[in-house]
Amino acid sequence: VQLQASGGGSAQPGGSLRLSCEVSGLSLGLRYYAIGWFRQAPGKEREGVSCASSSVGDGRIYYSDPVSGRFTISRDDAKNTMFLQMNNLKSEDTAVYYCAAIKWCLESDVADPSVAVYWGQGTLVTVSS
């Protein structure tokens, strides 16, 4: 299984970026998996950003408090691709962002990296003026 993240780069505060993550090698396809985005800032532990239940599940979507209202997670199961739209970026959003296929999406676990089954390689997002 491979997850290829892209779309990272530099943005100014208040700007936007859209991350993509193409998934290959899942025998049943992405639609049967919950998905998540995580990030790791320099000197900090990896933390969850957002998760969404599988497309055959109940459609739950959760966001961590720091990004709620600014970030949007989505998926295109036909293309086995997940996305993270990031708006109104702040300097504290600077981090390496990782996509993952995860075991489940629960409000209590949105920030828990231990639910990840497969990880992408990470893409760097830098927010500065």
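Position 1 is the first residue of the sequence; numbering continues from there.
- The two residues Ser53 and Asp58 have their closest heavy-atom pair at OG-OD1, 3.4 Å.
- Note that CD of Gln4 and CG of Asn80 are 14.0 Å apart. Values are rounded to the nearest 0.5 Å.
- For CD of Gln85, the number of neighbouring non-hydrogen atoms (other residues, nucleotides, ligands) closer than 6.0 Å is greater than 12.
- Of the possible polar contacts, none joining the Gln40 side chain to the Tyr97 backbone as a donor-acceptor pair under 3.5 Å is found.
- To the nearest 0.5 angstrom, Leu26 atom CG is 7.0 Å from Leu3 atom CG.
- Closest approach of Ser129 and Pro13 over heavy atoms only: N-CD, 3.7 Å.
- Residues that satisfy the salt bridge (Lys or Arg N to Asp or Glu O under 4.0 Å) test with Asp65, not counting sequence neighbours, are absent from this structure.
- Side-chain heavy atoms closer than 4.5 Å link hydrophobic residues (I, L, V, M, F, W, Y) into clusters, and following such links, possibly through other members, connects Val125 to Phe71.
- Here SG of Cys21 is found 13.5 Å from OH of Tyr118. Values are rounded to the nearest 0.5 Å.
- Formation of a donor-acceptor pair under 3.5 Å by the Arg75 side chain with backbone atoms of Leu30 is found in this model.
- No donor-acceptor distance shorter than 3.5 angstrom exists from the side chain of Tyr63 to the backbone of Arg70, with no hydrogens or angles considered.
- Rounded to the nearest 0.5 angstrom, Ile102 CD1 and Phe38 CZ are separated by 5.5 Å.
- Taking every heavy atom of both residues into account, Met82 and Cys99 meet most closely at SD-CB, 3.7 Å.
- Closest non-hydrogen pair, Gly8 versus Thr123, comes out as N-OG1, 3.1 Å.
- Here the closest heavy-atom approach between residue Ser50 and residue Leu84 is recorded as CB-CD1, 4.5 Å.
- The hydrophobic cluster containing Val49 also contains Ile61, counting ILVMFWY residues as joined when their side-chain heavy atoms lie under 4.5 angstrom apart, directly or transitively.
- Val56 and Tyr62 are assigned to two separate hydrophobic clusters, defined by single-linkage of ILVMFWY side chains at heavy-atom distances under 4.5 Å.
- Hydrophobic clustering (side-chain heavy atoms under 4.5 Å, transitive across Ile, Leu, Val, Met, Phe, Trp, Tyr) groups Tyr32 together with Val117.
- In summary, the side chains of Thr81 and Asp76 do not present any donor paired with an acceptor at a separation below 3.5 Å, with no hydrogens or angles considered.
- Following chains of ILVMFWY side-chain contacts shorter than 4.5 Å, one cannot reach Trp37 starting from Val115, and the two form parts of different hydrophobic clusters.
- Shown here for Ser74 and Ile35, the closest heavy-atom pair between the two residues is O-CD1, 3.9 Å.
- Geometric assessment of Arg39 against the ring of Tyr98 yields a negative cation-pi assignment under the 6.0 Å and 45° thresholds.
- Of the inter-residue distances, the one linking Asp112 atom CG with Leu106 atom CG reads 10.0 Å to the nearest 0.5 angstrom.
- With a 4.5 Å cut-off on side-chain heavy atoms, Leu19 and Met86 count as touching.
- Using a cutoff of 4.0 Å between basic side-chain nitrogens and carboxylate oxygens, Lys103 and Asp109 are not scored as salt-bridged.
- Atom CZ of Arg31 is separated from atom OG of Ser54 by 8.5 Å, given to the nearest 0.5 angstrom.
- For Arg60 and Trp104, the positive end is not near the middle of the six-membered ring at less than 6.0 Å and at most 45° from its axis.
- The environment of Glu22 atom CD is sparse: at most 12 non-hydrogen atoms of other residues, nucleotides or ligands sit within 6.0 angstrom.
- Thr126 has its side chain within reach of Leu124: a pair of non-hydrogen atoms, C-beta onward, lies under 4.5 Å apart.
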